[in-house]
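Heads up, the thing below is written out as structure tokens.
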Amino acid sequence: MRLKAEGLAARRGEDLLFSDISFDLGGGDALILTGHNGSGKSTLLRVVAGLLPAEAGRVTWSGPGESSRASEACHYLGHRNAMKPEMTVSENLSFWKTFLGDTARGRGVSIAEATELVGLGGIAHLPFGYLSAGQQRRMAFAKLLVAYRPVWILDEPMAALDARAEETFTDLIQRHLQAGGLLLAATHQPLGLDNAQELRMKGFSAFPQDALQ
Amino acid sequence: MMTLLVRDLKLSVRAGGGALIGVLFFMTVVAVIPFGVGPDLNLLSRIGPAIVWIGALLSALLGLDRLFQTEREDGSLDLILMQEHPLVLTVLVKCLAHWIANCLPLVIASPLLGLFMNMSEVAIGAVALTLLVGSPALTFIGAVGAAVAVALPRGGLLVSILVLPLAIPVLIFGVSASYAAVEDPAPFMPPFLILSAITLFFAVLGPLGAALALRNGGD
Amino acid sequence: MSHGFYIALSYGISALIVALLIAWVWWDGRARRRELAELEGSGIRRRSTATPKDNAA
Amino acid sequence: MTESLAITRFSDLANPTRFLSLAGRIIPWLAGLTLCLFAIGLYLSFTTEGDYQQGETVRIMYVHVPAAWLSMMCYTVMALSAIGTLVWRHPLADVSHKAAAPLGAAFTLIALATGSLWGKPMWGTWWVWDARLTSVFVLFLMYLGLIALNRAMDDPSKAARLSAVLILVGFVNIPIIKFSVEWWNTLHQPASVVRLDGPTIDPEFLIPLLVMAVAFTFLFFTLHLMAMRNEIWRRRVGAQRRMAARMAGRGT
């Protein structure tokens with residue numbers, strides 16, 4: 001499994017946000033994007049997820065028996081949770097489980113298990129809108145567990161979380177990496193991963209940026 | 001895909017869903033017409049099919065702007081765009097769910113309003129039938145407008161403005177088929193078949209256009 | 001001059017609407033009570049739980 | 001419990017738990033009474049003679065008139081509850097007018113449908129835009145609008161206050177609609193509809209009509225109590241769910 005980006009560049013409106021970003025991630029690798037606000041972290045993640053067209057360069061994915069479109073191998077957790085407040089948590093999760101489908105059969109955990117893993121077992125029958133912001137975030141994270149994807153793309157995953165929930169998240173991310181998954185995250189806080197590579201985004205630069213290493 | 005259909009239907013009947021409001025708007029629009037033109041039953045029965053059709057057209061547009069906007073607001077649209085399902089199919093299913101939740105009630109309510117308009121039984125049947133066949137076209141055309149205006153803050157008004165001109169052929173053939181059913185010399189089938197053809201045509205073109213717009217409207 | 005059809009229809013429609021109304025109210029009550037029982041079962045109690053009458057109702 | 005008796009009574013009634021136990025005791029009796037009244041009313045309405053002018057269709061009136069009467073009484077109940085909501089901020093008043101709206105809509109629908117079915121054989125048309133029919137139809141639309149408004153909002157107490165405002169505005173508006181429509185349409189002959197006042201109605205028809213009217217009224221109150229009870233339960237479910245969500249954050 002390899003997620004490879006070569007010479008990526010993207011614009012926000014008229015301005016070039018970044019250019020010539022390359023990385024190459026294999027199974028178990030994590031890449032953390034850091035940088036000040038507006039440096040293009042979110043944009044880079046959205047380009048990799050295939051939600052924004054790249055100005056230049058390309059993203060390729062090679063996995064066992066999967067198609068070469070990178071976005072299909074990815075889970076994307078953006079600022080918004082992609083859950084409907086009118087529906088219960090389990091309705092939301094089971095919708096995404098069925099809709100996303102498990103790429104590697106059977107590797108997604110059940111809904112009850114997933115809510116247990118994010119530390120909120122037993123309240124899956126509540127409407128999503130009843131939960132607090134932090135709980136909603138945790139349930140959105142449970143979405144990553146119910147349908148298996150090798151690549152996790154997380155945009156500020158720790159926003160609105162307390163210390164204990166952060167710990168839970170770090171654990172889950174570690175487990176994902178140990179199982180051979182990939183991680184691409186933008187964050188302000190340290191995620192507490194020991195083997196992570198870091199990509200520092202400087203933003204609004206016309207000159208090529210230092211990529212990895 | 002079935003799960004998407006079921007989810008959208010669930011959402012439309014849950015609190016805050018628009019299914020009831022569309023029918024209510026339809027009834028209100030049609031009900032105020034007699035106050036404007038006067039309670040002359042002959043006149044009402046003459047203009048009835050046109051009034052019912054225009055009322056249905058307006059109320060079908062009412063909820064359309066929310067078709068993709070709610071998905072975008074909570075981030076679901078991103079996840080839907082990333083999937084391997086053909087996006088055209090996803091859009092088609094969403095249109096279908098929207099039609100079942102918002103337009104089918106209009107079709108069911110139309111005979112009632114036909115009675116208020118003092119229309120004959122044949123005319124009522126014809127209007128209900130043409131609405132049943134023609135209203136999917138409105139949803140499919142509207143999907144393009146909704147996809148184009150998905151990221152705009154006051155998208156609702158814009159969707160109506162964008163979609164109404166495109167919906168004119170549907171209105172023309174829907175109303176003329178309804179009239180043809182009542183008035184003798186004009187045959188019913190030709191305009192009705194054209195209406196069906198328009199619906200089938202937009203069932204292909206609408207989702208294609210909407211998918212294209214969604215792909216390019218990412219931010 | 002009999003209008004049996006219209007009379008039957010109007011009684012039928014009224015009965016239907018009333019039956020639907022009763023069914024809806026009934027079903028709604030059942031569903032709410034079931035939800036309350038579920039919540040009660042999962043160990044959530046009201047702040048002012050108190051009187052046994054409350055449970056009887 | 002140091003207040004005077006009156007205040008204690010008032011706060012007792014204000015207490016939804018108290019209301020629930022009271023409703024639980026009353027509802028079976030009310031339901032039984034309603035059933036008996038309907039049995040008598042229906043028996044009477046099918047055994048009386050037909051009217052020489054209206055023929056058998058007079059039987060439709062035994063359903064139509066009570067339903068129409070209820071459609072207006074229900075709105076009055078709602079308007080009183082709305083005052084309760086706005087002036088005393090009584091939680092039961094919120095529940096009362098929210099629960100009454102679907103009932104009102106249903107009874108208005110019955111009145112419209114049976115009126116239409118009476119009008120077809122007698123007038124030759126399903127519907128005319130005369131003053132009474134039109135204002136009842138407007139009433140129906142207002143009920144549906146209130147239901148939609150209540151459904152559209154999450155916060156029940158805010159929804160209750162806003163719909164209370166709408167109910168009161170509507171209450172003022174209904175006579176205006178009625179009179180303006182009468183001016184607007186002077187074509188229609190008066191007194192086509194059976195009127196209770198005056199000697200125009202024979203006791204033979206009056207008795208079943210009255211029994212049916214009482215039966216319908218009791219039906220309304222039974223259903224209203226049940227619907228209010230449902231609404232209180234619904235709010236409890238909501239409150240407990242929110243509490244469950246809070247507890248899940250703190251516990252474990």
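- The CZ atom of Phe25(B) sits 15.0 Å away from atom CG of Leu144(D), with the distance rounded to the nearest 0.5 Å.
- Heavy-atom distances place the side chain of Leu44(B), and not its backbone, under 4.5 Å from chain D.
- The CG atom of Leu112(D) sits 11.5 Å away from the CG atom of Leu115(B) when rounded to the nearest 0.5 Å.
- The number of heavy atoms from other shown groups lying within 6.0 Å of CH2 (Trp69(D)) does not exceed 12.
- Rounded to the nearest 0.5 angstrom, Thr28(B) OG1 and Leu141(D) CG are separated by 5.0 Å.
- For the atom pair CG of Leu149(D) and CG of Leu24(B), the computed distance is 11.0 Å after rounding to the nearest 0.5 Å.
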